[in-house]
Amino acid sequence: MRALVVDDSRTMRSILSRSLAVLGAEVEEAEDGAVALSRLEAGALPDLALVDWNMPVMDGLTFVREARRRPEWRSLTIMMVTTEGEYDQIARAMAAGAHEYLVKPFTAEALFDKLELLGLAGSADGSNDAGANLAGGEESGGGR
Amino acid sequence: MTSTATDFAFLRALLYDRAAIALGEDKEYLLEARLRPVARDLGLGSVTELLDQLRRASNGTVERRVVDAMTTNETSWFRDVHPFEALRRHVLPDRIARNAARRQLAIWSAACSSGQELYSVAMLLDSGFPELDGWSVELVGTDLSSEMVERARLGRFSGLEINRGLPAASLVRYFERDGAGHRVREELRRRCRFDTFNLARPWPLMVRFDVILLRNVLIYFDNETKRRVLDWARRQLAPGGYLMLGSGESPLGLTDGYQPVTVASTIVYQAKEE
């Protein structure tokens with residue numbers, strides 16, 4: 001798996017990158033939405049982007065909207081990872097095209113659970129079967 | 001070998017020996033997270049000290065706590081993902097087709113802990129099976145612990161608990177804010193009934209269930225108890241009903257009352273018809 005971690009906090013980027021590395025992911029980092037967009041334009045498309053909401057220059061929600069305007073990036077799975085935990089914000093991010101949403105603070109296991117839901121990490125028994133579609137999954141938007 | 005690697009190797013051997021649980025080599029990251037609270041509770045300074053104590057002398061109580069901490073994962077929604085895929089793709093459609101005339105469905109989460117498993121089933125039924133509208137659907141959750149049953153009934157969960165595998169779309173749809181935490185909406189709570197129940201004692205008369213979820217419970221029993229529980233479960237299932245066990249569990253070699261069926265990377269066990 002290849003992943004892009006988008007967060008203005010260096011500490012948070014490093015926590016997420018290390019957790020993803022445990023799963024064998026190859027990780028790139030960006031400090032705001034605009035840098036993330038240019039990374040996507042410049043290189044090969046990753047499988048996953050973990051995106052903070054509040055960042056300078058370009059916030060996470062704007063990044064999601066911009067990324068979803070590009071049909072060639074359709075296969076990119078986007079998960080918001082943010083302290084913004086109000087339901088209307090979650091609903092806005094999902095409507096804009098995020099596939100999942102993880103509210104800070106979270107444990108490494110919570111991150112792995114979410115990746116498993118998205119078919120990007122193996123389950124506890126070590127198997128890996130992408131395409132899980134559980135309750136509410138149909139409405140999660142993003143054209144996945 | 002580093003001390004963490006030594007500890008992990010010892011722990012894997014212990015889990016295998018005591019609980020027949022094969023912990024993956026890639027699960028080293030669980031060591032600190034799961035065992036540090038146990039060490040702290042016992043007044044020990046580190047996980048290494050805790051494991052040293054077990055290396056020096058066998059101690060049933062401490063061993064059980066370590067095994068529980070490493071194997072219990074009760075706070076996760078749609079736990080392990082695949083079993084819920086099996087429910088969605090095969091088990092529920094099969095039972096719904098079979099019960100179409102009676103329009104009744106009964107599901108039992110037999111070690112429900114704080115209720116996440118049964119609420120996950122309720123969400124799955126609500127979002128994925130609109131054809132159940134007008135059916136009588138019985139959703140029962142039981143646990144040995146009355147404290148857990150009370151928690152399950154309340155349906156209140158912290159942000160950290162919610163984070164464990166609950167799809168964001170389900171959070172927004174089936175929960176409401178409850179102070180700093182979250183609560184299952186009343187409409188969904190109303191559909192779920194929770195009670196205390198000891199699986200190891202003879203079972204009282206109940207309705208017959210279409211599905212019994214008995215996941216990660218048998219691992220705590222000896223073979224004789226496992227056999228009894230599996231037989232009781234078969235009698236409690238409707239003809240052709242399904243038993244769902246944890247990924248490391250199987251009725252194989254204990255009873256021949258079930259037919260294994262593989263769906264979505266999960267094996268479910270269908271009660272043989274008498």
Side-chain angles (χ1 to χ4, degrees), chain A residues 18-19 21-24 78-95 98-142 144, chain B residues 22-30 32-34 71 73 75-85 87-89 119-129 159-177 180-182 188 216 246-248 264-267:
Chain A
R18 269 188 281 130
S19 301
V22 170
L23 300 174
I78 302 179
M79 176 156 76
M80 299 293 287
V81 183
T82 167
T83 50
E84 303 297 332
E86 292 308 317
Y87 289 9
D88 60 340
Q89 288 170 304
I90 298 175
R92 273 169 73 200
M94 306 291 277
H99 296 101
E100 258 306 332
Y101 202 103
L102 182 61
V103 180
K104 298 173 188 169
F106 58 89
T107 60
E109 286 177 305
L111 175 66
F112 299 147
D113 286 343
K114 289 281 184 177
L115 295 177
E116 197 182 329
L117 272 181
L118 293 166
L120 291 169
S123 62
D125 60 6
S127 61
N128 192 343
D129 179 19
N133 185 4
L134 298 171
E138 268 103 346
E139 291 80 44
S140 63
R144 200 169 164 260
Chain B
L23 188 67
E25 284 184 44
D26 56 345
K27 297 285 188 252
E28 191 172 311
Y29 65 90
L30 291 177
E32 277 291 316
R34 294 283 179 84
T71 54
N73 193 16
T75 54
S76 130
W77 304 85
F78 295 97
R79 183 175 177 184
D80 302 333
V81 182
H82 300 295
F84 287 89
E85 269 301 284
L87 275 171
R88 191 178 69 83
R89 283 198 221 164
Y119 286 129
S120 298
V121 170
M123 289 185 262
L124 178 62
L125 289 176
D126 186 79
S127 67
F129 296 89
L160 285 174
E161 288 170 321
I162 285 295
N163 263 344
R164 295 300 314 274
L166 181 69
S170 302
L171 172 66
V172 174
R173 187 161 166 186
Y174 296 110
F175 287 76
E176 58 199 4
R177 289 310 296 240
H182 310 261
L188 202 71
N216 308 297
S247 62
S265 314
T266 293
I267 304 173

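Letters A, B, ... are given to chains in the order of the sequence lines, protein chains preceding strands, and every chain is numbered from 1.
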I need the residue from B/Leu125, B/Asp126, B/Val172, B/Leu87 with the largest number of non-hydrogen atom pairs under 4.5 Å to chain A. B/Val172
Does any N or O in the side chain of A/Lys114 come within less than 3.5 Å of the main-chain N or O of B/Arg164, such that one atom is a donor and the other an acceptor? no
Is the side chain of A/Asp113 donor-acceptor paired with the backbone N or O of B/Leu166 at a distance under 3.5 Å, no angle test? no
Working to the nearest 0.5 Å, report the span between CH2 of B/Trp77 and CG of A/Leu117. 12.5 Å
For A/Phe106 and B/Leu160, which heavy atoms make the closest approach, and how far apart are they? CA-CD2, 4.2 Å
Over all heavy atoms of both residues, which pair between A/Met94 and B/Ala168 is shortest? Give the atoms and the distance, please. CE-CB, 3.8 Å
A/Glu116/B/Phe78 under side chain to side chain contact (heavy atoms under 4.5 Å, CB included): CA gap, chis, key distance, verdict: CA-CA 10 Å; A/Glu116 197 182 329; B/Phe78 295 97; over 6 Å; no
